[in-house]
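For ligands, and for the atoms within them, numbers begin at 1 and follow the listed sequence.
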Amino acid sequence: MFNFDVVSGTVARKIIQESRSELVTVVKEAYLTHYAGSSVNPNSYFLRFPENPSARIIALPAYLGGEYDVAGIKWISSFPENIKNNVPRASAVLLLNDYATGYPFACLEASQISAARTAASAVLGAAQLLGRTNAERITVVGSGIIARNIIEFFAAEDWKVGEFAIVDHKAEYAELLAAHVRDELGYSASRFDDLPTAFDGADVIVLATTAPEPYIVEPGAFAPGQVVLNISLRDISPDLVLSSHNVVDDVDHCLTANTSPHLAEQQTGNRDFISGVLAQVIRGEVSLDAERPRIFSPFGLGVLDLAVGSYIHRRAVESGQTQAIDGFFGETERWGK
Ligand SMILES: NC(=O)c1ccc[n+]([C@@H]2O[C@H](COP(=O)([O-])OP(=O)(O)OC[C@H]3O[C@@H](n4cnc5c(N)ncnc54)[C@H](O)[C@@H]3O)[C@@H](O)[C@H]2O)c1
């Protein structure tokens, strides 16, 4: 019980690349376990900096029961200015704690894990809300690491996609992602410069920007039946939210921190516009008509990090890729000899 392992991001990344499809199943099971009540997932805690308002570090503590029976916490920084120096926006660690003793037993680099669980949940949400795994066009707004991971998970889930339309307010970032999608994943992909043209004919729209407030505000910006993966959470006006079906990961979590659904709640004073959570859609408990767009807004739950982190840790142990820290705990008996 006094083992303590470190799993590097290099190892996590390699395991993720080999197991994206399994991770979609892991995320699906975690959502169902959370919905069944076998979890504790308190609110995320945001550390912000008055003199650097775009930056934040978020703590996501959680416990996940079911087959996992593990507690832990992800501590994830978001410094959006990093990308100007070609440094990833997000960096993170995940600590896993043994549920029987409380002892931490692993520390994993977690930006890879966080991106993977986010992408797995996005692609799971797309399949559930669209009801199929083929699309004439998937439009992706925001061309960062999360967008790239989501497209890689579409590929791993064997989606048939006519073309990816890639948008970014920095044209060069959209070009880089489009080239990656063409060269590494073999899909047709090109840069689009204006949203209405990119949205036209899209079966799925992925929002993965760092926009702090809504810029998609045109009434009717989304078509009936169109699936919108609202990953960056703050791009859409509350009026568009209110004229759509809304599926979230967890209602209490998602209606915080000025997300677009939270703005809609503030505008109306109620939560009637929420159709349900993704677990209910998976369970067939939510019916969505084709008259309105379908927006999936996953706030990002700590239980997903635990599920994916536990999976990565297990695979790393099995393949001898953990670094054990001998003597990590300085006192292993209550009364030392
Ligand atoms: N919901 C979740 O569970 C979850 C989990 C992880 C990350 N995220 C979110 O995903 C987003 C993307 O993360 P990332 O690591 O890829 O960031 P990133 O900084 O690498 O990429 C974001 C991209 O969006 C572009 N962009 C910003 N504002 C834009 C706008 N208004 N229109 C078009 N493009 C715009 C930037 O130029 C950049 O290329 C972040 O907002 C992050 O908070 C959500």
Discussion item. For H245 together with F273, are the ring centres under 6.0 Å from each other?
Written reply: no
Worksheet item: Quick check: does I146 get an N/O under 3.5 Å from an N/O on ligand 1?
Response: yes
Worksheet entry | 4.0 Å heavy-atom contact, D168 with ligand 1 | yes
Worksheet item: Can you tell me if S114 has a non-hydrogen atom under 4.0 Å from ligand 1?
Response: no
Worksheet item: Would you find more than 12 non-hydrogen atoms of other residues, nucleotides or ligands less than 6.0 Å from Q267 atom CD?
Response: yes
Practice prompt. Under 4.0 Å from a heavy atom of A208: give me the atoms of ligand 1 that qualify, with their elements.
Written response: 12 (C), 22 (C), 24 (O)
Worksheet entry | Heavy-atom gap R56 to ligand 1 smaller than 4.0 Å | yes
Item to complete: Look at the side chain of S19 and the backbone N and O of I15, then say whether any donor-acceptor pair between them is shorter than 3.5 Å.
Response: yes
Discussion item. Going by the closest heavy atom to atom 35 (C) of ligand 1, which one wins out of K84, H253, H169, E172?
Written reply: H169
Practice prompt. Report the part of R89 (side chain from C-beta onward, or backbone N, CA, C, O) that has a heavy atom under 4.0 Å from ligand 1; answer both or neither where that applies.
Written response: side chain
Worksheet entry | Set of side-chain contact (heavy atoms from CB on, under 4.5 Å) partners for N85, sequence neighbours left out | V87
Worksheet item: For ligand 1, is there an N or O atom under 3.5 Å from any N or O atom of I83?
Response: no
Worksheet entry | Per-atom contacts, ligand 1 versus Y215 - under 4.0 Å to a heavy atom | 31 (N)
Worksheet entry | Contacts of R283 that satisfy salt bridge (Lys or Arg N to Asp or Glu O under 4.0 Å) - sequence neighbours left out | E285
Practice prompt. Answer yes or no: are there more than 12 heavy-atom neighbours, outside F329 itself, under 6.0 Å from its atom CZ?
Written response: yes
Worksheet entry | Any R234 heavy atom less than 4.0 Å to ligand 1 | no
Worksheet item: Is S143 in contact with ligand 1, taking contact as a heavy-atom separation below 4.0 Å?
Response: yes
Discussion item. At less than 4.0 angstrom from any non-hydrogen atom of I145, what atoms of ligand 1 do you find?
Written reply: 16 (O), 20 (O)
Worksheet item: With a cut-off of 4.0 Å, which atoms of ligand 1 are near a heavy atom of F299?
Response: 1 (N), 2 (C), 3 (O)
Item to complete: Return yes when atom OH of Y99 has more than 12 non-hydrogen atoms of other residues, nucleotides or ligands closer than 6.0 Å, and no otherwise.
Response: no
Worksheet, complete the sentence: min-distance protein heavy atom vs atom 5 (C) of ligand 1 -> T118 OG1, 3.0 Å
Discussion item. With a 4.0 Å cut-off on N to O distance, would you call R132 and D203 a salt bridge?
Written reply: yes
Worksheet item: Quick one: which of T209, T210, V87 has a heavy atom closest to atom 41 (O) of ligand 1?
Response: T209
Worksheet item: Against heavy atoms of G300, which atoms of ligand 1 measure under 4.0 Å?
Response: 3 (O)
Practice prompt. Find all atoms of ligand 1 within a distance of less than 4.0 Å from any non-hydrogen atom belonging to P298, and give their numbers and elements.
Written response: 1 (N), 2 (C), 3 (O)
Worksheet item: Would F199 and F222 count as a close aromatic pair, with their ring centres under 6.0 Å?
Response: yes
Fill in: atom 18 (P) of ligand 1 [closest protein heavy-atom partner, distance rounded to 0.1 Å]
G144 CA, 4.0 Å
Practice prompt. Compare all side-chain heavy atoms of F46 with those of I57 and state whether any distance is below 4.5 angstrom.
Written response: no
Item to complete: Among all protein heavy atoms, pick the one closest to atom 3 (O) of ligand 1 and tell me residue, atom and distance.
Response: R117 NH1, 3.0 Å
Practice prompt. Check the side chains of H180 and E152 for a donor-acceptor pair under 3.5 angstrom, ignoring hydrogens and angles.
Written response: yes
Worksheet item: Does the pair E213/R234 count as a salt bridge with the N-to-O cut at 4.0 Å?
Response: no
Worksheet item: If we only count N/O pairs under 3.5 Å, is I231 in contact with ligand 1?
Response: yes
